[in-house]
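Computed from a predicted model, the values in this text were never measured in an experiment.
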Amino acid sequence: MPEHQPLDYYHAFRQTRFGKRANEMARWWIYLPEGVSLDQWQDVLGADVNNLEHGRLVYGMTKWYIAQSTDISPDEQRQLLIAAIIHDHAEALDGGEDLPSGTKTPQQRLDEMCALAEAASDATDSGLYPSMSDEARAEAVESVIDVVAGNNKKLSDIFQAIEQLTHIRTVFIALDRLDAGIPDPEVRNGLETLVASGVTITGKKLLEMADDPIVKESLLASRERINQSLEQPLQSTDWQKHFGDRALALQIGYRVRKVQWNEWLESVDQTQSA
């Protein structure tokens, strides 16, 4: 068993200039109103909006997923946990960025994975984990290839499900904040749009993954919150403000997702009652 543990990649990364940059990068930034700092945004939505802390959050979600499963070997668990920590670290490299969900082209995804594998293997100050051993860096590259890039379909499918469950978690946090009351109208509108677009984009992917029993049970356990997410009081101008050219497609997708969600629920209910 290697001496290093998956969380060691987080600690090594955070000491680099790239880790320090990641700690200053906001996720879900497309909904972030002007004048709201990253610290304030994190107070609203939690760790997922901080690029550095996102990996630890996905790590926790991965441990939760593994605990629900009976079909993931110890070696596979380790690969998934390493991937959870490191999968977005390339976004903090020079020239890297966090693009909104659903906007990365296949070429951008490929370029990012190649950059991640290259920087993960680099033992110099230009690398992501220079303080770690050669063995640790090689294991990071293996996780990038097998899990993030999809060379191992089983692990890649599991990891994609974990990522989407992490995304919908943030949608639900935004929903809870709206229920609690947000006095700032710009922040409130940003959260309403995050909930609506999040359930549109992530909801589509999770419904496609619903053959996974853990995804299916998570969706059923979240039935009421998803129903509420599909009832946001948005106008066309709200979509346009945040998404520009993508606004109409997402607005239509939001309505379609409600139909698909209700149809899926009906089919599950019919199956369970048969």
Side-chain angles (χ1 to χ4, degrees), residues 6-7 9-10 13 22-23 25-32 38 41-69 72 76-92 98-104 109 112-113 116 143-144 147-150 154-177 191 193-223 225-226 229 257:
L7 271 176
Y9 292 94
Y10 165 82
F13 175 65
N23 196 39
M25 293 173 66
R27 293 170 50 81
W28 302 86
W29 54 266
I30 197 170
Y31 313 101
L32 178 62
L38 174 56
W41 195 226
Q42 194 164 341
D43 286 341
V44 173
L45 286 173
D48 198 31
V49 303
N50 179 301
N51 202 287
L52 174 64
E53 298 303 325
H54 169 71
R56 276 209 304 185
L57 176 61
V58 179
Y59 172 87
M61 290 292 291
T62 303
K63 288 184 75 71
W64 169 85
Y65 186 101
I66 288 169
Q68 315 304 310
S69 177
I72 305 176
E76 290 172 333
Q77 292 177 27
R78 185 175 176 87
Q79 276 197 289
L80 285 167
L81 290 167
I82 291 173
I85 291 290
I86 72 174
H87 69 282
D88 276 344
H89 284 177
E91 293 176 357
D98 173 45
L99 295 174
S101 181
T103 65
K104 285 182 184 177
R109 285 193 291 271
E112 187 174 278
M113 285 184 283
L116 177 58
S143 286
V144 172
V147 184
V148 184
K154 173 187 174 182
L155 295 185
S156 179
D157 287 350
I158 289 172
F159 186 67
Q160 288 179 46
I162 292 166
E163 275 204 288
Q164 297 310 314
L165 290 169
T166 305
H167 292 164
I168 204 71
R169 173 188 178 275
T170 300
V171 171
F172 294 156
I173 290 174
L175 192 63
D176 290 344
R177 294 307 302 264
L191 293 182
T193 313
L194 185 157
V195 169
S197 61
V199 79
T200 300
I201 297 168
T202 301
K204 178 178 185 293
K205 294 176 181 178
L206 287 172
L207 286 172
E208 291 170 349
M209 299 172 178
D211 286 343
D212 178 327
I214 297 174
V215 171
K216 177 182 177 181
E217 290 306 313
S218 296
L219 287 171
L220 291 174
S222 305
R223 180 189 296 227
R225 300 176 103 185
I226 294 174
S229 299
R257 206 67 64 240

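- The line from CG of L207 to CD of Q164 is 11.0 Å long, rounded to the nearest 0.5 Å.
- F13 places none of its side-chain heavy atoms less than 4.5 Å from the side chain of I86.
- Shown here are the ring pair (Phe, Tyr, Trp, His ring centres under 6.0 Å) partners of F159, two or more places apart in sequence or in another chain: H87.
- In this structure, H89 NE2 and L52 CG are separated by 6.5 Å, a value rounded to the nearest 0.5 Å.
- Under the side chain to side chain contact (heavy atoms under 4.5 Å, CB included) criterion, L32 pairs with A26, V36, W41, not counting sequence neighbours.
- With sequence neighbours excluded, no residue satisfies side chain to side chain donor-acceptor pair (under 3.5 Å) with Q68.
- Here the closest heavy-atom approach between residue R27 and residue E91 is recorded as NH1-OE1, 4.3 Å.
- Every residue two or more places apart in sequence or in another chain that forms a salt bridge (charged side-chain N to carboxylate O under 4.0 Å, His left out) with E76 is listed here: K154.
- Applying the side chain to side chain donor-acceptor pair (under 3.5 Å) criterion to R169, with sequence neighbours excluded, gives no partner residue.
- Side-chain contact between V171 and S229: present, with at least one pair of heavy atoms (C-beta onward) separated by less than 4.5 Å.
- Inter-residue side-chain proximity for L7 and R56 is flagged as met; some heavy-atom pair is nearer than 4.5 Å.
- In terms of the side chain to side chain contact (heavy atoms under 4.5 Å, CB included) criterion, residue partners of K63 (sequence neighbours excluded) are, by chain and number, Y59, L81.
- Atom CH2 of W64 is separated from atom OG1 of T166 by 9.5 Å, given to the nearest 0.5 angstrom.
- Residues H54 and N51 fail the side-chain proximity criterion, which asks for heavy atoms closer than 4.5 Å.
- Listed by chain and residue number, S197 satisfy the side chain to side chain donor-acceptor pair (under 3.5 Å) test with Y31 (two or more places apart in sequence, or in another chain).
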Which is it for E112 and D88 under the side chain to side chain contact (heavy atoms under 4.5 Å, CB included) test, yes or no, and what are the steps along the way? CA-CA 9 Å; E112 187 174 278; D88 276 344; 4.3 Å; yes
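- Here the CD1 atom belonging to I72 is positioned 8.0 Å from the CG atom belonging to L155, to the nearest 0.5 angstrom.
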Show your working on side chain to side chain contact (heavy atoms under 4.5 Å, CB included) between F172 and I226 and close with a plain yes or no. CA-CA 8 Å; F172 294 156; I226 294 174; 3.8 Å; yes
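- In this structure, the separation between CD1 on I82 and OG1 on T62 is 11.5 Å, given to the nearest 0.5 Å.
- In this view, D43 satisfies the side chain to side chain contact (heavy atoms under 4.5 Å, CB included) rule with no residue, not counting sequence neighbours.
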CA sep, side-chain torsions, deciding dist, call: R223, L220, side chain to side chain contact (heavy atoms under 4.5 Å, CB included): CA-CA 5 Å; R223 180 189 296 227; L220 291 174; 3.9 Å; yes
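- With sequence neighbours excluded, the residues that form a side chain to side chain donor-acceptor pair (under 3.5 Å) with R225 are D176.
- Scanning all heavy atoms of the two residues, the minimum distance from N50 to N23 falls at ND2-OD1, 3.1 Å.
- Within the 4.5 Å cutoff, no side-chain heavy atoms of I201 are placed close to those of H167.
- Closest heavy-atom contact between A161 and V215: CB-CG2, 3.8 Å.
- Put simply, OH on Y65 and CG on L165 are 8.0 Å apart, with the number rounded to the nearest 0.5 Å.
- Under the side chain to side chain contact (heavy atoms under 4.5 Å, CB included) criterion, E208 pairs with K204, sequence neighbours left out.
- Not counting sequence neighbours, D212 has no partner by the salt bridge (charged side-chain N to carboxylate O under 4.0 Å, His left out) test.
- For the pair A210 and K216, the tightest heavy-atom approach, listed with the atom from each and the gap, is O-CB, 3.4 Å.
- Residues L191 and L45 meet the side-chain proximity criterion, which asks for heavy atoms closer than 4.5 Å.
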